[in-house]
Asks: 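Before anything else, here's the structure in question.
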Amino acid sequence: MPVLTDPQGWFTVQVPDGWALATEDSVTTLRRPDGSGIVYLSGARHSRGRQQSFGGADFLARFLRSLGLEVDEEAIASAAGPGCRIYSHRRSTSAADWWFWSVTDDETALLISYARPMGAEGDVEEVDGMVRSVRLYHSAPVH
């Protein structure tokens, strides 16, 4: 399975074979081989190092509000990942299913969203595997 490495060294993520990758303006898109789904990835790092709740449920809720989606923090699920926390929310419309994640270690936050046409099947496990494969890397201490 290919590994996507962030050009700034903030994260890595495993990508299933056959998914097409493209990066523009710090946003990476990953397209399913059949073109029926797309993942968007964008990372951020807190300029003052680790900050409690950076990338947490409130962070994801603010991101969703910026997209015009009103979501209470209580509607955002959380889970532990390897050296990180994973926050998630799902939204369905008449046209598409959407999943949103924030993966954080309090210094680096990776926003991930996935959209697929309504009725498409069989790929959520692959995307969930990508999210669970995320590894975040801390900044080097300044002396």
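We count residues from 1, following the sequence as given.
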Asks: Drop me the distance from S26's OG to W10's CH2, to the nearest 0.5 angstrom.
Replies: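 S26 OG to W10 CH2: 7.5 Å, rounded to 0.5 Å.
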
Asks: Can you find a heavy atom in the side chain of R32 that is under 4.5 Å from one in the side chain of R116?
Replies: no

Asks: To the closest 0.5 Å, what do you measure between CH2 (W101) and OG (S113)?
Replies: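 W101 atom CH2 to S113 atom OG measures 8.0 Å (nearest 0.5 Å).
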
Asks: Find out whether W19 and P33 are in side-chain contact, i.e. whether some heavy atom of one side chain is under 4.5 Å from a heavy atom of the other.
Replies: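 Side chain of W19 against side chain of P33, heavy atoms only: contact under 4.5 Å found.
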
Asks: Salt bridge (charged side-chain N to carboxylate O under 4.0 Å, His left out) with D6: which residues, sequence neighbours excluded?
Replies: none

Asks: Report the C-alpha separation of L4 and L41 in whole Å, then their side-chain angles, then the decisive distance to 0.1 Å, and conclude whether the side chain to side chain contact (heavy atoms under 4.5 Å, CB included) test is met.
Replies: CA-CA 11 Å; L4 168 66; L41 297 136; 3.8 Å; yes

Asks: Got a sec: does the CZ of R31 have more than 12 other heavy atoms crowding it under 6.0 Å?
Replies: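 No.
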
Asks: Pick one: which of V15, T23, V13 meets side chain to side chain contact (heavy atoms under 4.5 Å, CB included) with T28?
Replies: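 With T28 as partner, V15, T23, V13 yield a single side chain to side chain contact (heavy atoms under 4.5 Å, CB included), made by T23.
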
Asks: Can you say whether the rings of F100 and H89 are parallel (under 30°), tilted (30 to 60°) or perpendicular (over 60°)?
Replies: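 Ring orientation of F100 relative to H89: parallel.
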
Asks: Pair T5, T12 - check side chain to side chain donor-acceptor pair (under 3.5 Å), show working.
Replies: CA-CA 4 Å; T5 301; T12 61; 5.9 Å; no

Asks: Can you list every side-chain hydrogen bond (donor to acceptor under 3.5 Å, both in side chains) pair that touches residues 56-73, not counting sequence neighbours?
Replies: D58-R62

Asks: Donor-acceptor pair, distance only, cut-off 3.5 Å: does the side chain of R132 make one with the backbone of M130?
Replies: no

Asks: Please determine which of F54, F59, F63 meets the side chain to side chain contact (heavy atoms under 4.5 Å, CB included) test together with S102.
Replies: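 Single pass found, and it is F59.
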
Asks: Look up atom CG in D97 and atom OG in S92, then write down how far apart they are to the nearest 0.5 Å.
Replies: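 It comes to 3.5 Å.
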
Asks: Any chance you could lay out the side chain to side chain donor-acceptor pair (under 3.5 Å) test for R45 and T108, step after step, and finish with the verdict?
Replies: CA-CA 4 Å; R45 178 160 282 166; T108 302; 2.9 Å; yes

Asks: Under the side chain to side chain contact (heavy atoms under 4.5 Å, CB included) rule, what do T29 and E24 come out as? Steps first, then yes or no, please.
Replies: CA-CA 8 Å; T29 57; E24 184 177 333; over 6 Å; no

Asks: Nearest 0.5 Å, please: how far is CZ in R91 from CH2 in W98?
Replies: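 W98 atom CH2 to R91 atom CZ measures 11.5 Å (nearest 0.5 Å).
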
